[in-house]
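No hydrogens, no waters, no symmetry mates; every other heavy atom, side chains included, goes into these values.
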Amino acid sequence: MRRWLPSALAALALAGTAGGARAQERSVTLWHAYGEEEAAGLRRALDTFRREHADTRVDVVHNAFGAYASKLESAIPTGHGPDVFIDAHERLSVYVELGLVEAMDPPDFATRLDFFGAHLQALEVDNALYGLPLAVKCAALYLNEDHVTDTPRSLEDVERLRGDLPEGVWPLVYEAESAYWDAALLHAYGGALVDEDGAWAFEGPGAETMLAHVVRLTREGVVPEEPNGDLVRQLFASGQAASAISGPWLAPALPSDLRWRVVPLPRVEGAGGAPMRPYVTVEGVMLASGARDRALAQELMQFLAGAEGSLPRAVTGRQVVASRTAWEDPRIADDVFLGTFRRAADAGRIMSTHPHQRMAFEPAEKAIRKVIRGDVGAGAALAEAHRRFDNVTRPPPPERSPTMAVIAVGLLLFLACLWLVRRAQSAQVRAEVRASLPAYKYVAHAFVAVGVLVIAPLLVGAGASFFGGRGTDMHYVGLANYADIITAAGGGILDHGSFWLTLLVTVLWTALNVILHVVIGVALALVLHRPTMKLKAPYRVLLILPWAVPNYVTALSWKGMFHRQFGAMNAILEGLGAEPVSWFGQWSTAFGANVATNVWLGFPFMMVVTLGALSAIPKDLYEAAAVDGATAWQRFKLITLPLLKPMLAPAVAMGSIWTFNMFNVVFLVSGGEPDGSTEILVSEAYRWAFTRSSQYGYAAAYAVLIFGVLLLGTRRFAKRLDGMGDTA
Amino acid sequence: MASLHLSGIEKSLGGNLILRGIDLDVEDGQLVVLVGPSGCGKSTLLRTIAGLEAPNAGRIEIGGRDVTALAPRDRDIAMVFQSYALYPHMKVRANLAFGLKLRKADKKTISTRIKEVSEMLGLGPLLERYPRQLSGGQRQRVAMGRAIARRPAVFLFDEPLSNLDAALRSEVRVEIKRLHATLGATIVYVTHDQVEAMTLADRLVVLNEGIVEQVGAPLEVYQRPRSRFVAAFMGSPAMNFLSARVEKGRVTADGLDLPAPEGAAGGDVLVGIRPHDVSVAEGDAGGATLRVEVVEAMGFEAYAHGHVGGARFVARLEGADVKRLSVGDEIRLAIPGDAVHLFDPETEKAL
């Protein structure tokens, strides 16, 4: 018996040390949203870290860029987030507001010296440092060496390329309608979007001159119209642009047989030779709230940001690293590409972290687009943008005491309980309830499911509408949100962005769409229903396809078709000898584009419903009518239509509600253009919640109002339905 | 009102030849019943007359007018469907007025006709109701009213009583007969029910597999069937058939010995005897011996099922006769001369 004792003890000891070792292993989780190249650089840096820290585990999670912010927002508070994560500095203020990050221990002097003061400042809020700079990003000028040999010294030099270039090649491509990209030009003219205190600064002579310059670039055919990031990339990569303004992410997307180089953005002669100063983004590694091992997390941060971690990120990841020591290494210092972007960043302006900075883009872009379209002069557009900005940044309604509301709700609940008790006292009611108890058992789980999935979120959303403020900083405001919306505070009743105007547009949108859906759907169903129709089955499948394809795919395709210069619609028009149309330039055509897309999406539903309804009409009714003397048209009008109506009614009701809330088409096709005039209520609500900086309460009030409108509408419709009488 | 004339009507449906050359004459004011088993083509024939089907060959004339190529609405006909086919989204009044409105009749005419028809059929209290609020019988009357309001040249009835219960059926049957007498209309009536056929028809047309087996007054078709099919189809229970021989003026078979009708040729025959034509014989008289196997007693009458010789036989007996009968008994049946129908065993035509 004693012979196994030493082995048992040994086993125990081994287990103990192993467990202890595991207990001693430290781990840290890092999140990022890098593209391929940068992720590879990061990986190499982390491999070095792991080699040097044998007892630590580093977990890396890559996220898709689009959903990154929301994932952080939902994961960190619930403890499922990273310990450290990499993100752009301009989002830091929001993260601080939302409590997603915590301040670092103040770094030592050596660490501080390794970075430029401005870069460190970018990661500070209220004098607390939340992260360390990893790299800087900004725009530079890409040159196609086949079209441009000498580096242009000014923007006007680039403009002058026009006329010397082959047919179909643009002198310059960049997102000229974007406030972010035009900011480089704006800063050259001495203007800015917002100042350091977050006040609106996009007006005055600097802004107006910049606008005039951009208009000139567009009108004189220097830059293409309606540009977007994809278009810029496509045109430059295919050699159809002599130059492009873009960030370092353009480089990996260019084909290897394209001869190109990068230079910092040129000067502007019209601004007295001042250089274009693009926005600079400082990418940093930030410390997340609730990091498990603060010491280890900060160790990782310092490693990544320092020279050792920066080298692989620069060489493999092609990042313009922030560490000054790293730049002493010849592999980085001699790199022309990295050096150019560093010089570009030196000349740029680090984007302000003030929350108002992010809210300035939407109004600024609307103004830029308006001026390019020629709707108004620069002065008026800027004034309108200022008004919009004030509307979006206006402080939330003052906090109110919820006492009254709590008392009222409490009273209502109390009365409801009283009423229930009174009813329960009636023997008849008790008997009825007892008799239906088994039924309740059958339905109970459905109640629970509906309650949790539908009712509860509805109530929470409605409840949120009584709160004002941003992000997590919300306070009770009573009915102030509703009052603001209904009185169109911040503008006139029928101004752009006003609830009432948007409601009008939404009602018109719904009516037009539903009418077209029904007419086209019914007509096609009648054609498909004929017994003599051959190939019914393939046609049915083909005609259902528009409905089957995910509607955002369709929306994006149609949007592309309506592009002013490169879209299929204008190509067809030009082929027919007509003038190309600027589809998103005026309300009527933008609205029409939205309607066309949505009709394409929606008619199959009506067609399918009608086909079913047609099959339900007995054949001998038609025969009786034929014998009674009805022609084919009379049979349609007097038999088919009246019998279709009650069967179509629910489909029309549903279709109306879906169309009323059709966010995808409006957001993706016209995007509200021109100037927010084609927005419908849901897309407006979305913007309030998600692009105008988390004004959830306001957006919730919008949503409740939408619900109210729809409720009213469908009740009136249902009353009319009852009046129609059903058929046997 | 008008006459109806069909000649050489042929019709195929889905590759099958349904009507194989139908000739028919209906005089003005006659009620002609098309009767036959399921699938004999009677409904198809009716629909062809209506214009709802186009014949592959043949002519249709209504009131002397060739309507073969005309649409139903131009043939001046009205049809009462088996399923009534009332317009569910219109009230009864609108249903009645439908055809008239389509022909652009003026308001006065419409309201007068509706009044007439309502009185005729008792539809007054029903005028403001929807079809779904009516009973089967009421819907049937509205369907008839709709046809009558039009005052067409020819009425077509497609098994209108099939969807009614038995009691209602008899009631409405009588009403139809009364209506026919009142209106004096030309009616083509399709049914598979012999009772309707016998009681309603001025002339009976028996159809089988797309051809006309026999045309004639109901009584004539019943008493002098020209083929085994007609003989078997009309009358319930069906006629009994026995294989027999005609020899020396007598028709003989196992258990059967009857005097042959005048002029009957010798040889093998098929003998048809209706159950209703026999009675219990006195003593040893009678022409047939029935070995009783099953007795169905209905009170005032009874059916005795059994065999005469090797052939199955049903006899209708008086209620009183049956009291003394039991299974296994043999009874003598008296069969009068005109109850004996002879058919050629091969052609199955009457001799």
Side-chain angles (χ1 to χ4, degrees), chain A residues 518 522 525-526 529-534 536-537 606 609-653 717-728, chain B residues 14 43 46-47 49-53 70-91 94-105 129-136 139 142-143 145-159 163:
Chain A
V518 171
V522 170
L526 286 171
H529 190 72
R530 291 154 64 97
T532 50
M533 176 84 180
K534 305 244 186 343
K536 242 200 286 202
M606 291 297 167
V609 170
T610 310
L611 269 178
L614 285 175
S615 312
I617 301 179
K619 218 172 77 129
D620 54 9
L621 283 186
Y622 291 118
E623 291 179 348
V627 168
D628 274 346
T631 59
W633 168 251
Q634 282 169 325
R635 291 202 289 275
F636 173 72
K637 201 175 86 153
L638 299 169
I639 310 283
T640 315
L641 272 189
L643 289 177
L644 267 188
K645 260 198 254 174
M647 303 203 233
L648 273 184
V652 168
F717 187 72
K719 285 224 170 73
R720 281 192 58 202
L721 244 195
D722 280 347
M724 265 196 254
D726 53 323
T727 61
Chain B
S43 283
L46 194 74
R47 290 165 62 85
I49 298 173
L52 296 170
E53 309 274 0
L70 293 183
R73 58 193 295 264
D74 298 319
R75 296 194 184 195
D76 199 14
I77 47 145
M79 191 152 161
V80 179
F81 292 81
Q82 185 175 352
S83 63
Y84 323 132
L86 296 180
Y87 308 118
H89 55 291
M90 300 184 204
K91 294 191 184 160
N95 265 281
L96 295 176
F98 190 71
L100 294 168
K101 280 226 184 83
L102 283 177
R103 276 159 222 275
K104 312 255 196 327
R129 294 203 206 159
Y130 284 99
R132 67 177 179 278
Q133 296 167 308
L134 303 175
S135 72
R139 289 185 203 178
V142 174
R146 185 173 64 183
I148 295 173
R150 294 249 326 278
R151 303 235 184 112
V154 177
F155 284 87
L156 304 172
F157 283 73
D158 187 357
E159 303 205 40
N163 290 4

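- Of the atoms belonging to I77(B), heavy atoms from both backbone and side chain fall under 4.5 Å from chain A.
- Annotation: side chain of V154(B) is not in contact with side chain of D76(B) (no heavy-atom distance under 4.5 Å).
- Heavy atoms closer than 4.5 Å to chain A are found in both the backbone and the side chain of Y87(B).
- Looking only at heavy-atom pairs under 4.5 Å with chain A, the residue among R47(B), R75(B), Q133(B) that has the most is R47(B).
- To the nearest 0.5 Å, the span separating CG on L638(A) from CG on L621(A) amounts to 12.5 Å.
- With chain A as partner, the option from M79(B), Q82(B), R103(B) having the largest number of non-hydrogen pairs under 4.5 angstrom is R103(B).
- Heavy atoms of L86(B) lying under 4.5 Å from chain A belong exclusively to its backbone.
- In this structure, CE on M90(B) lies 8.0 Å from NZ on K101(B), to the nearest 0.5 angstrom.
- Interface residue E623(A): backbone and side-chain heavy atoms are both found under 4.5 Å from chain B.
- No side-chain donor-acceptor contact under 3.5 Å links N95(B) and Y84(B).
- Separating the CG atom in N163(B) from the CZ atom in F81(B) is a distance of 13.5 Å, to the nearest 0.5 Å.
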